[in-house]
Amino acid sequence: MKHLLRIEFRKVFKNNIFWLTLGLYVFGMIIILIGTESFINKVVSNANRNSPIPIPDFSLYAFPYIWHNLTYLAGFFKIILAFIVILFISNEFNYNTIRQNIITGLSRENFFITKVFFLIFLTFVSCMIIIAVAIILGFTHTDDISISMIIIKSHFLAAYFLEVFAFLSFSMALSFIFKRAGVTIIVFSIYLFIVENILSFKLNEDYSKYLPLKTFGRLIDIPNTSLMKLFGVNFREYIDPFDTVLTLIYTIILLTISYLIIKKSNW
Amino acid sequence: MNKKILTISNLHKHYGRIKAIDGIDLVVHSGEVLGILGPNGSGKTTTLGVVLSVIKPTAGSFKWFEASPSPSSLCKVGAILERPLFYPYLDAVDNLKIIADIRKVSYEAIDEVLVRVELLDRKHSKFRTFSLGMKQRLAIASALLGNPEVLILDEPTNGLDPQGIAEIRTLIQKISQQGTTIILASHLLDEVQKICSHVVVLNKGIKIYEGRVKDLIIDNLTVEVQSNDMPFLEALLTNWEGSSSIEKKETFYLVKLHKGYNTEQLNHYIFSSGHTLNHLASGKNNLEQHFLELLTQPK
Ligand SMILES: Nc1ncnc2c1ncn2[C@@H]1O[C@H](COP(=O)(O)OP(=O)(O)OP(=O)(O)O)[C@@H](O)[C@H]1O
Ligand SMILES: [Mg+2]
């Protein structure tokens with residue numbers, strides 16, 4: 001297994017584009033995760049001036065709610081990771097190095113495993129950013145800290161891991177189907193931004209709840225804030241088992257698609 | 001008999017109506033240098049792609065080292081298929097480290113193979129900055145990594161300059177002298193004639209000849225002869241037991257010799273019959289003629 005990790009990481013770690021995109025991702029995530037609270041509060045204080053009832057300040061960073069808030073915000077950026085996946089998987093077809101890998105003696109199964117490692121690595125990096133930000137901001141924004149307060153909602157992190165991993169599995173399957181980065185990114189974007197939105201609008205709720213990317217996104221719902229409570233809106237504060245199971249099933253299907261393409265094709 | 005390295009049985013690969021391979025049987029023994037000869041599109045790369053497990057055969061089977069093929073058997077086979085395939089943004093060493101990791105070979109072997117293909121001074125250059133010849137040599141270096149028992153080379157001299165071609169051929173000969181079995185696909189007859197011990201000729205996915213290179217040449221020695229008295233010469237040639245066929249060309253006769261006869265014997269026979277030649281040339285491209293004949297023969 002260790003040699004598979006070495007193989008995959010040599011392919012990506014020595015690539016400047018990889019570090020550039022990952023760097024942008026990390027930087028962007030940190031800026032947004034740290035900056036959102038003061039941004040919202042600025043908007044709120046502007047709105048307060050003409051509001052009859054005073055809107056209280058937002059606090060996104062107190063334990064335990066910080067897990068929910070950060071994972072929800074971070075979910076918007078997973079598309080950058082998806083693009084990294086598409087880019088590096090299509091490289092293997094573009095340079096035909098998948099053929100050389102197999103000729104050299106890498107089994108098709110192991111080639112697949114190296115790619116799964118890559119997805120896990122990216123998902124892991126994303127989770128680490130959230131953990132780092134949560135620890136720093138959480139400790140500075142929570143008054144009475146206890147271990148249980150830190151841990152109680154940290155299962156949002158597990159849900160976030162699943163959300164990102166499922167999303168990346170989707171982008172990997174598309175890369176294996178379409179092979180070329182440009183085509184894959186276009187198909188991916190059209191599906192994500194247009195097709196699923198139209199379908200979820202047109203379809204009956206009974207069916208639209210099965211749309212894969214919508215399901216992944218639904219794992220972590222919009223956090224309830226004091227503002228929403230004010231308006232009596234109440235979002236889900238727990239992770240729905242239906243969504244979790246459905247996401248797991250989709251992930252398995254998507255990984256199987258990638259695996260079968262590697263396994264059955266002529267390279 | 002040497003042990004069997006590769007056995008191909010009744011292999012077929014069809015792409016829709018195109019029969020890239022149409023029933024090929026082949027056995028390669030240890031220590032052989034087998035040339036796979038055939039015109040463009042005859043199925044050379046497809047055959048090698050199948051035994052290297054990147055192309056799924058339509059029917060038939062093959063065995064490496066007398067066992068069912070597995071990825072680990074490929075670790076003992078060094079191969080270049082069609083063109084060098086590397087990560088362009090990685091340097092020579094990193095590209096070879098990936099190969100070494102796949103084969104579970106120590107990185108120490110890397111410098112050694114780079115020396116053999118004379119790329120050591122460019123080991124830290126990115127693959128995309130390499131010239132075609134250097135790319136080709138890096139591919140050979142990667143195939144040599146870990147001292148594989150078998151080397152598969154699909155047109156290894158493609159795109160090289162004459163000096164590069166000569167260097168690669170010398171290298172291949174050296175490697176084969178160390179006992180490595182080599183399978184070389186080529187459409188250059190000259191190359192096969194110079195390097196190989198055995199030859200298989202493919203055409204349209206079918207094996208049309210198989211044998212030793214040596215036999216192929218002796219079998220089919222053709223000689224150009226010319227004298228001042230052509231009718232007399234023709235009569236002499238017709239009577240000689242060594243000639244298998246005589247063909248009249250514009251200014252000379254093209255004589256095909258029976259197996260076991262050579263140019264010297266022909267010359268001796270003419271001279272001892274009291275006649276002299278003013279032109280005698282043994283065909284240098286015997287293999288080429290034979291090759292072309294094989295290809296034009298209706299199957
Ligand atoms: N992926 C493919 N799809 C359809 N036909 C193919 C494919 N690959 C090869 N062929 C066909 O199979 C036949 C054999 O091709 P192959 O590449 O094996 O020839 P070759 O002997 O290596 O030729 P060359 O000397 O040009 O390299 C050709 O007719 C080719 O068009
Ligand atoms: Mg070819």
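Values below: every heavy atom of this structure, side chains too, minus hydrogens, waters and symmetry copies. So that the names make sense, note that chain A is the first sequence line, chain B the second, and so on, each numbered from 1.
- Note on ring orientation: taking the six-membered ring where Trp is involved, the planes of His12(B) and His14(B) are perpendicular (angle over 60°, cut-offs 30° and 60°).
- Of all non-hydrogen atoms in Leu168(A) and Leu81(A), the two that sit nearest each other are CD2-C, 3.6 Å.
- Counted by atom type alone, Ser126(A) and Tyr25(A) present one or more donor-acceptor pairs between their side chains at under 3.5 Å.
- A ring-centre distance under 6.0 Å is not found for Phe176(A) and Tyr259(A).
- In this structure a side-chain-to-backbone donor-acceptor pair under 3.5 Å is missing from Gln136(B) to Leu160(B).
- Only the side chain of Asn91(A) comes within contact range of chain B, with heavy atoms under 4.5 Å apart.
- Between chain A and the residues Val77(B), Ile102(B), Leu52(B), Leu74(B), the largest count of heavy-atom pairs under 4.5 Å involves Ile102(B).
- Looking at Lys104(B), the atoms closer than 4.5 Å to chain A (heavy atoms on both sides) all sit in the side chain, from C-beta outward.
- Only the side chain of Leu90(B) has a heavy atom closer than 4.5 Å to any heavy atom of chain A.
- Interface remark: Tyr87(B) contributes backbone and side-chain atoms alike to the contact with chain A (heavy atom separation under 4.5 Å).
- Minimum interatomic distance between Tyr160(A) and Ala74(A) (heavy atoms only, all atoms of both residues): OH-CB, 3.5 Å.
- Heavy atoms closer than 4.5 Å to chain B are found in the side chain of Glu92(A), but not in its backbone.
- There is no contact between Lys126(B) and chain A, counting heavy-atom distances below 4.5 Å.
- Looking at Tyr15(B), only its side chain comes within 4.5 Å of chain A, counting heavy atoms on both sides.
- Proximity to chain B is absent for every atom of Lys2(A), based on heavy atoms less than 4.5 angstrom apart.
- Heavy atoms only, all atoms of each residue included: Asn95(B) and Phe86(B) are closest at OD1-CB, 3.6 Å.
- Chosen from Leu4(A), Ile102(A), Ile7(A), the residue pairing most often with chain B at heavy-atom distances under 4.5 Å is Ile7(A).
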